[in-house]
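Single-structure report; data block below.
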Amino acid sequence: METYLDGLDADQRRAVQHKSGPLLVVAGAGSGKTRAIVARIVRLVLDGVPSRRIVGITFTNRAAEEMRDRVARQFPDGADLPWLGTFHAFGAILLRRFGSRIGLPPGFVIYDARDQHEVVRQAVRDNNLDEKKFPPAMFAGLVERAKRDGVTVAAAAAASGYYFADKAAAVGAAYDAALAAAGAVDFADLIRLPVRLFSEVPEALSAVRAEVRHLLVDEFQDVDRGQAELSRLLAEGADSFCAVGDEDQSIYGWRGGSAGPMLSFERDHPGATVFHLGTNYRSKSAILLAAGEVIGKNRLRREKRIVPARQGGEPPAVLVHADGEAEADAVAAAVAAEIRRAVSPSEIAVFYRVNAQSRAIEDALRRLDVPYVLRGALSFYDRASVRDGMAYLKWFLNPDDPVSLKRLLRAPRRGVGEVALSRARETANLSGVPLSGALAKIPGMSPLFSLRGRWLSTLPTAGPGEALRALLEGSGYIAWLEERSREKGEGQEIRRDDLENVRELIGLAGAFKGKGEEAVRDFLEKVSLSPKDEGGDADNAVRLMTLHTAKGLEFDVVFLVGLEEGLLPHSRSADSGSGLEEERRLFYVGLTRAREKACLSFARRRMLFGSHRDAIPSRFLHEIPPALVRWEEAGSPQGKPFRGATFAGSPSCRVTAAPGPPRKSRRVRHPLFGEGKVETEEGEGAERKIIARFPGYGLKKILVRAVRMELLD
DNA sequence: CCCCCGTCAGCTGGT
DNA sequence: CTGACGGGGG
């Protein structure tokens, strides 16, 4: 009968069927929470709730897609499905509909991190500040933090201990003005402005409440203040509200995410119920046991019990390698071996802490012809030619957008440069006309404007793909790329890649339904809000991703690489207790992705900034009791195998670190650079060098015997 | 204004 | 190693 309950345990069923009042489901790793959410949606629909009255918010677009697929399978083809997406996508929809009520232009664009950086940089310059002393990235961080926390930029600066709060405030003001002039919003605005909209325009709130009758929010341990507030505003008017999360998987503290709203759930939502899902159906108990030991070291958590449903399995393996390259080769070989053992490639994943680590793994996999897909950030949409294409679309839709214009004026060059552009901006500011008005007076701009006129006239009947192609061909961009690829001749693979990337972008746009401006905007928005996976045939490829993007996924075999001090925990998170605990949760998230097998590894030397540095195994490896892991032999730098199999006091580790917990990060005072933090060391005896970071000077490599330094702790 | 080239500083994480 | 910037010649 009620098939949606089939195969669910008692805890899951309670979560699916609970009806009265707000519900928080505390769902441990692998406890089938996605399953429960999907079943809950199905239950709502069978109860007679129209799909469009249900909204499910997930942390990433990918998670939303996955959930949509799973929900879709429960309904007949073509049935209406609930809206599923991220907070940011939801915010964008709200602003498209009601933005004009709080002064947003109807066709506003969304600036991504790079666009934002460009605007901040311009704001720094406009304030006559030296970019070296006042790095735009830092101001961007402060601006974002201010928006997120609902405070002024000056307050955010003060809160993070930044001395020049007044400068930060000035840059922040210039930044906001520039966004307004360009008709743009940033990511933080997509959360902040809807919250403001609801408080300033009650009709908007009641209109939305009339539509969103049932709300589900996944990954609730990672919501920031604004997202929690948005959830609360919607939940208060809804027939049901179900939040799902796990404190132990809260890994986005650095961008404002916090398990706080989970912990205060009952206070924030009167009449709330809390359920626990405590059975892990995913990982073999050997893996879960090790993971549990590590996460148990965190102090800022509530003790909870997770019962493994799948007994047995191999304890996680730990491998030591001479350097990052050797590690990559070994992982690739092990991946290939798993595939030979008939494990499907798409059931194998390699996780790392920072994107830069992917390179070595990719190279090694390619050498062995193992297919892989790269998930996430540094990918397709970050490439110059792809960003060029997007810049064309953006500027042609919105000629007041200086960031996109600046980009398209260099590809190809049109005799209009920085000088003309800033003069136009000045004119626009002084006379109060939009930027496009001032631009139209520049002779070099006239071909672009007339192309724009023609393009706009054909736009209503064109899909995004055709529109983009028309633009890139009509403007001479593609011809310019072709020219460059011919010019440079053979050996210039990069140029040819540019052309291919642009063709792929046109193809992607072509896959979008609809015609005209609206459809093009849809495309732009989709692209700026969700990254694209990189690589070939995803069905049959090994997955490579950061630990952050691994959240919510599961694989038969998982490799966790680079388990070294400085990398995991990352050196920039390890100095505070809460930062360290977040790093530990990251390790926990990684380990609990594995169903059958987990392989942990570290290297004794790792390439950074083009040179090798000595590395120390991650403290998290020490936190797994020796009986719960298998220490395996691996090659030494000379190719000789290490002897000894356990970590504590093992010969393989004595080489780089004394047994026991690694040394604390130390501070030193340099006669010239002042106080700094030691990151790593290299060499021994008279050649011993430390690499330390000094505020204002950056990373410095210092020969210890040559410089008199004070040890501060 | 554009292009080339030498120099220098920098790597979390992601919507 | 990579990307960003500033200086100089075209």
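Predicted, not measured: the structure shown is a model, and the values here were computed from it.
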Taking only the side-chain nitrogens and oxygens of [X], find out if one of them lies under 4.0 Å from OP1 or OP2 of [N].
X	N	answer
A:Asn355	B:dC11	no
A:Asn61	B:dG14	no
A:Thr546	B:dG14	yes

Check ion pair A:Arg255-A:Asp224 (N to O, under 4.0 angstrom):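 No, A:Arg255 and A:Asp224 are not salt-bridged.
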If you pin A:Leu409 and A:Glu582 to their nearest nucleotides in DNA chain B, which one's is more 5'? A:Leu409
Suppose we screen for side-chain hydrogen bond (donor to acceptor under 3.5 Å, both in side chains). Which residues come up paired with A:Arg353, at least two apart in sequence or across chains? A:Glu583
Sequence neighbours excluded, which residues qualify as side-chain hydrogen bond (donor to acceptor under 3.5 Å, both in side chains) partners of A:Ser601?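 In terms of side-chain hydrogen bond (donor to acceptor under 3.5 Å, both in side chains), with neighbours along the sequence ignored, A:Ser601 is linked to A:Glu327.
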Describe the nucleic acid contact of [X] in one word from base, sugar-phosphate, nothing, applying a heavy-atom distance below 4.0 Å.
X	value
A:Phe87	nothing
A:Arg606	nothing
A:Arg359	sugar-phosphate

Is there ring stacking between A:His88 and B:dT15, where the centres must be under 5.5 angstrom apart and the planes under 30 degrees? no
What integer distance in Å separates [X]:[atom1] from [N]:[atom2]?
X	N	atom1	atom2	value
A:His117	B:dG14	NE2	C1'	17 Å
A:Glu583	B:dG13	CD	P	11 Å
A:Arg255	B:dG14	CZ	P	9 Å
A:Phe587	B:dG13	CZ	C1'	18 Å
A:Phe187	B:dT15	CZ	P	8 Å
A:Lys551	B:dT15	NZ	P	10 Å
A:Leu580	B:dT12	CG	C1'	15 Å
A:Tyr252	B:dT12	OH	P	16 Å

Distance-only donor-acceptor test (3.5 Å): side chain [X], base [N]:
X	N	result
A:Arg572	B:dT12	no
A:Thr60	B:dT15	no
A:Glu144	B:dG14	yes

For [X], ring-ring contact (aromatic ring centres under 6.0 Å, His included) partners two or more places apart:
X	result
A:Tyr352	none
A:Phe620	A:Phe587
A:Tyr252	A:Phe59, A:Trp254, A:His548

Inspect the surroundings of CZ in A:Arg366 and state if more than 12 heavy atoms from other residues, nucleotides or ligands are less than 6.0 Å away.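 Atom CZ in A:Arg366 is crowded, with more than 12 foreign heavy atoms closer than 6.0 Å.
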So where does chain A start and stop touching DNA chain C, 5' to 3', when the test is distance under 4.0 Å to a non-hydrogen atom?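 Reading along DNA chain C, I get C:dC1 to C:dC5.
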Is a side-chain donor-acceptor pair under 3.5 Å present for A:Tyr111 with A:Asp401?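 Yes, side-chain donor-acceptor contact under 3.5 Å.
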